[in-house]
Every structure is written in C-alpha cells, then in structure tokens.
There are 2 protein chains.
Amino acid sequence: MVTIGDVARAAGVSRSTVSYALSGKRPISRETKERVEEAVSSLGFTVHSGARALATSETMVLGLLLQFHEDEFPPAMLQYILAVTTAARKRGYDILMVTEPDGAGAIRRVTSSNMVDGVVLLDVTHDDPRVDALRESGKPGALVGLPMDTEGVDIFDLDFSGAGRMLVDHLHSLGHQEIVLISPPRDVFQRGAAYAWRFRDAALERAARHGIRLHAHYGESQEPAVEQSLHSILDARDQAGALIVHNDASIVALPSVLEDRGVKVPDDLSVVSLYSRNFGRSFRLPYTAVETSPDQLGQEAVQHLIRRIADPDNTPPVVRFVPPEITDRGSTA
Amino acid sequence: MVTIGDVARAAGVSRSTVSYALSGKRPISRETKERVEEAVSSLGFTVHSGARALATSETMVLGLLLQFHEDEFPPAMLQYILAVTTAARKRGYDILMVTEPDGAGAIRRVTSSNMVDGVVLLDVTHDDPRVDALRESGKPGALVGLPMDTEGVDIFDLDFSGAGRMLVDHLHSLGHQEIVLISPPRDVFQRGAAYAWRFRDAALERAARHGIRLHAHYGESQEPAVEQSLHSILDARDQAGALIVHNDASIVALPSVLEDRGVKVPDDLSVVSLYSRNFGRSFRLPYTAVETSPDQLGQEAVQHLIRRIADPDNTPPVVRFVPPEITDRGSTA
DNA sequence: CTGAAAGCGCTTACAG
DNA sequence: CTGAAAGCGCTTACAG
C-alpha cells in the first residue's frame, strides 16, 4: 500500500508537511501544497483509517444499533436505517450496523474497542438495558425512543402523545362519538416501547375529555394473525364510526380487510393512522395520517450526535419531540 | 482508556505475553494465563480495534454495499441486509453499511482506506461499475447478482433461469396455454439487473417449447402506478388463465387488485411468484412461489468471503446459483 | 515458556 | 512556512 511516507518522498517534503497539507491544519505554501496534491493523486494515496484512528482517537464511524423484533413490521425500520446512514455520510461518517440480540453487550463491544465515535440507538424502550451500557461507555449517543431515565442522553422521537391527541381531536371535530384504536401488539407494550402507550394513553385521555368512547385493542404483527385480529376487532366494534390504527402491519393489511368486509372509507368508516409518506407510497395507503418523519428524526439525531462528539461538554442535552403533522388524504368524514 | 500495558503491569508480565495469552498464538503457562485473564477482567480491557488493525492489517469489518433504487421495493432488500449482518457477526465480523449513490467510489473509499477486509455487493448489475472498482481494489468481494464479467469475483445468486423454467413447467403441467408474466419495471432491465431478463428469457423460451403463449409485461415499483399497471395488464390479457409475477411491489399489491376485480385464485386465475417465506408472511401472500432464499444466499456469500479473506489465493472462485425450490400454496389449478 | 524491541501508518506538539 | 521526532496501542518476529 502507499503510505504518507511515499507521498512525502515523491513530493520532496516531510511526512508532517504532507499531513498538514492534507488536513489544512497549518498554513502550507502554495507550491508545496500543489506538489503534495500531485503526489497524492498520482500515487493514489488514501489515509489508512486505522492508523488515523489510533493517532487521533477518532474513527469517523457511528454505530447504528437496532434489532428486528418478531413484533415489529420490518419495512418500517428500514426508513430509519436509511435516514441515519444518509445523514451520517453527508457529514463524513460511516455507519457500523449492529443488529445482534444482546444490544447492551454490543454497545460495550463497539465502544470499548473504539470502533465508533458514538452510537444511534433505534427503538429504545422504557427500561432499555442499552441505555445504561451507553452511559457507562462514556461515548456520545442519540436515542430514538424514550427511556425512563433520560439523564445524560439525547433523545429524538415523534411526539406520540401529541399525535394521539391530534387524531382524536380530528375525529371529534367531525362528530365521531365512538372510535376504535388498534395499538401495537401486546408484546410491544410489554417490551416497554413507550411510543405504544404514549400514543394510546393520550388518545384515551383526550377522548374522555371529549366524551368520546374510545375502545383500545392490541393489533398483531405477523400474518395471518394481523388480518384475523382486524376482522375480529371490527366484528366486535361494528357500531364505531372511526378507526385509529397505530400499528404498521395492521395499516398495511387494512385496505384488503375493509374491501373484504365491503366497508367503504370514509362513507362507512373514517380511518386515520400514523406512517411516513414513503411508507404510505410503498403500500398505497390512502389514509389521513400523522407523518412519522423518519428522515427528519434520523437527520436530527445524527446531526446532534456529531455535534456532541465534537464537543461533548458544551452541547446541551436534548429531548426532542417532533411535533405531529397531519396529512389529510380524505379518509375521514 | 485501559491498554495492554496496564494489563501487563497488573499481571506482572510483558505486553507480548498478554497479547499471546489473549490470542492463544503461543503456549502460555496456566498460571500466567490466569493472572492475565484476571487483570483483563478486573481492568475491563478491550483491544483497541484501530491499533490491532494497524498491526495486523485486518479490521474484522466487512463492507455491505447497497443502494436504494426508486425502481425497487425497499422491504425486499431488508432481508439480505439482515442475512449478511447476522452471518458476519456469527463469524466475528462487523458490517459497515455503505449506501451512497456512487457505489464504485464508495468501494474505492472503504477499501483504499483499509476500513474493511472485504465487501459484499448487493444487487449487482450486468455492467456494474462497482465490480471493476472491486477488482482494482485487490480486496476480496462477494457479489449478489450476476455481472457480465465474472473473472476474479465470487458470485451468489438464485438460479433465476431455472426459476423461470420451473414456474412455466408447473403451469404447463396444469394445462395452462396462455400465461401473463409481470416482470420488474423497465428501469430495472435498463439498469442491467440480469435477474430480470434471466428469469424472463428462460420463461419465454420454456413457454415456446411447450407451445404456450407467454405475454411478458413490465410491472411498476411505486404506488399508485403498481396497481394501475396491474389493472391495465389484466384488462388487456383477460383471456389468460395464469399469472407469473416476478416483481415485489406487484405481488404485494396483487391480492387487493384481484379482490377489486372479483377474480378468485385459483378458480379464475392461477398465480405463481418468487419471494421468500418471510416476505410472504409480512404481506400475507397466499401464492405458490419459488423461494428466493435471502438467508441462504447471504450466509453463503459471507462464509465464502471470509474464507477468501483468510486465504485469497487458494480459495477457488465460485459462481453459485441456488437451485429454485417451489413452495406450493395452492394458488394454481 | 517469556521478554525486549521493532514496526504498522498516521498526527501533532516541539523547534526552528 | 517546514522538519524531526514522539506517540497512539497493538502484534509478532527475534532471542533466550
């Protein structure tokens, strides 16, 4: 391989001059700089990332920690992966993708071996063991999802409580008095994914205030249970005029379930949900929904994480809840 | 941070002894080894990955190169990502996920900076510029997808030609004489994704041999075009008794399109496709299909790549086409 | 069975 | 504006 020494020799300067010419960290004369650049490109020099990491204690790599749970709909997670990766690369960082089941162990592994400068945790739960592991690691981290103890970590999430209130208000303003809510699967609640109950509890509370009957049910995540559960919930609640679906697998399955049942939206039933624009496009979902903004969330998380890496102490901790925005697709009446 | 020197001091031995005790690359006395291990765990020592990479020229990281094209259905790619990541971790490797648009440049970047020991290329096309970049890099690579020039690279893919023949044979054995094929979008062909024409051409050839009329159409990848194209193709070909869908977005949209049209499977129409078990489960696809085996493909690619990293010269080049297997879900008659 | 030392390829004070 | 040298934390011949 070609090293900085080769470049120095070819350009007739010292290795330190090459390093400075490349980094711009001290002034270099115009002609020296040109000679260095010529040598670099003619030799095809690239800095050895391990050597640089050893010298600077910076890897320019971010860890992305995620898990594929049985109770989650895989396509939904992809949007966050892509958002984080793109945002990182735009700022010169690469992404180490870590998916092993033992997330806390994985954090210890990649931080203590100095493989990454910081980590992004996806799908953080209420008592997520990864959060303690992160704190102990001393590396900066950005969380997507809300843990019980937010001390010393940066948090980025949709305002699920606000989203729940917003959708209930929307249906209330149209005069609905009886609403069915399809939540994430029971396992998601038990796992401690706060987004599930933040949304549900806010919706319930808001409905109560409006005097609306809101029936909350758990949805499913795997077919054929998804469709079956939708049918049985709709069977049991056929007097309700509106449906709130906070469940990715269920919203994807809903169009064909409703078609099966001969239910017309919004004439027979008003439907609202939460999903991103791209998600809705992949599956042709025609429902009025709160935009979940994975791109924005991923970008803000990465941006803040990088700022904290650069200046761990003077960066204020942030708990950022992206305000919900509703996209009206005409599925309510 | 705690270094190997700290461990050596605590254990009362030299740094080299610590290194050897940890790696097992030379015999260490039982008691020395125990003292080292005790020091390691009490101090919480982990090898600095950059330092090790610098000393050994091995990073224990694999690059995973992929792009999200407009003309592809995102959820399908996720299965390969997960398969590769899991297989790599099982063998002690981490995954650097590289998604930038300039794939060839990305390969140059991560290989020449020695960030990875090898790369996996997903979705390789006929004249994929990444393949040349890979060859020039001198690093081992495993490709998923078939390039024009297979010299010096290892290839792992489904036998799409065999899959095309198998599905046509299956329909032929049931007496079908007129079949519609929905291929990937035109853009996928133009991009040079060989799997698209390998499947189609083999199906056409096989159909011709059987004296079957096979009408090949391009499908779409984005809603609402997907559904519209399905409707217009089915309108134009309403005399056909069987449908082969080689298009992820289309097969996901098919159930509701057929329901819309009042078409019963398999009574009115036989349907066959290609997708993985998990993919089918996510979307409740009830169709007889060739299993695309992303898990197996990912695992074989990683396994072979790691073998080649260990011994670049004595590892024979491989072009591996996983034989198609049909899963009968009763959607044909 | 163990140690002292060279070397991997960088960056960055220190010195001029 | 530039150079010589130390140092980052490992691994591995070399030597005993």
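Per chain, numbering begins at 1; letters A, B, ... match sequence-line order. All values below come from the heavy atoms of this structure, side chains included, with hydrogens, waters and symmetry mates left out.
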*In which ranges does DNA chain C form stems of 3 or more consecutive Watson-Crick or G-U pairs, distances under 3.5 Å?*
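Ordered by first number, the stems with DNA chain C (at least 3 consecutive pairs each) read C:1-3 with D:14-16, C:5-12 with D:5-12, C:14-16 with D:1-3.
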_Set out, in order, the CA-CA distance, both residues' side-chain angles and the distance that settles salt bridge (charged side-chain N to carboxylate O under 4.0 Å, His left out) for A:K90 and B:E100, then state yes or no._
CA-CA 9 Å; A:K90 198 178 293 170; B:E100 57 213 80; over 6 Å; no
In Å, rounded to the nearest 0.5 Å, how long is the span from [atom1] of [X] to [atom2] of [Y]?
| X | Y | atom1 | atom2 | result |
| --- | --- | --- | --- | --- |
| B:R130 | B:D132 | CZ | CG | 12.0 Å |
| A:E300 | A:L305 | CD | CG | 13.0 Å |
| B:T85 | A:L66 | OG1 | CG | 8.5 Å |

*Taking side-chain contact (heavy atoms from CB on, under 4.5 Å) as the test, write out the residues that go with A:D311, two or more places apart.*
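side-chain contact (heavy atoms from CB on, under 4.5 Å) list for A:D311, sorted by chain: A:N314, A:T315.
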_So for atom CD, which belongs to A:Q190, do other residues, nucleotides or ligands contribute more than 12 heavy atoms lying within a distance under 6.0 Å?_
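Counting other residues, nucleotides and ligands, CD of A:Q190 exceeds 12 neighbours.
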*asked:* Please evaluate residues A:K139 and A:D117 with respect to the criterion salt bridge (charged side-chain N to carboxylate O under 4.0 Å, His left out), reporting the C-alpha separation (whole Å), side-chain torsions for both, the decisive distance (0.1 Å), and the verdict.
replied: CA-CA 7 Å; A:K139 295 267 182 194; A:D117 296 335; 5.1 Å; no
*Please assess B:V36 against B:K33 for the test side chain to side chain contact (heavy atoms under 4.5 Å, CB included), listing each intermediate value before the final yes or no.*
CA-CA 5 Å; B:V36 168; B:K33 191 164 186 177; 5.7 Å; no
Is there side-chain contact between [X] and [Y], with at least one heavy-atom pair below 4.5 Å?
| X | Y | value |
| --- | --- | --- |
| B:T17 | B:T32 | yes |
| A:V13 | A:R35 | yes |
| A:V322 | A:F156 | no |
| B:T99 | B:L65 | no |

*For D:dT12 versus D:dG16, give the span between their C1' atoms, rounded off to a whole number of Å.*
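Looking at atom C1' only, D:dT12 and D:dG16 are 16 Å apart.
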*Show your working on salt bridge (charged side-chain N to carboxylate O under 4.0 Å, His left out) between A:E70 and A:R191 and close with a plain yes or no.*
CA-CA 12 Å; A:E70 282 275 308; A:R191 198 147 50 71; over 6 Å; no
Got a sec? Which of [range] come in under 4.0 Å of DNA chain D, heavy atoms?
| range | result |
| --- | --- |
| residues 10-22 of chain B | B:R15, B:S16, B:S19, B:Y20 |
| residues 26-45 of chain A | A:R26, A:P27, A:I28, A:S29, A:T32 |
| residues 47-59 of chain A | A:L54, A:A55 |

*Going 5' to 3' on DNA chain C, which nucleotide is the first and which the last to come under 4.0 Å of a heavy atom in chain B?*
C:dC1 to C:dG9
*asked:* Could you tell me if A:S49 and B:S113 have a donor-acceptor pair between their side chains, going purely by distance under 3.5 Å?
replied: no
*Flag the pair A:E151 and A:R135 as a salt bridge only when some basic side-chain nitrogen lies within less than 4.0 angstrom of an acidic carboxylate oxygen.*
no
_Within the 4.0 Å heavy-atom criterion, would you say A:T46 contacts the bases, only the backbone, or no part of the nucleic acid?_
sugar-phosphate
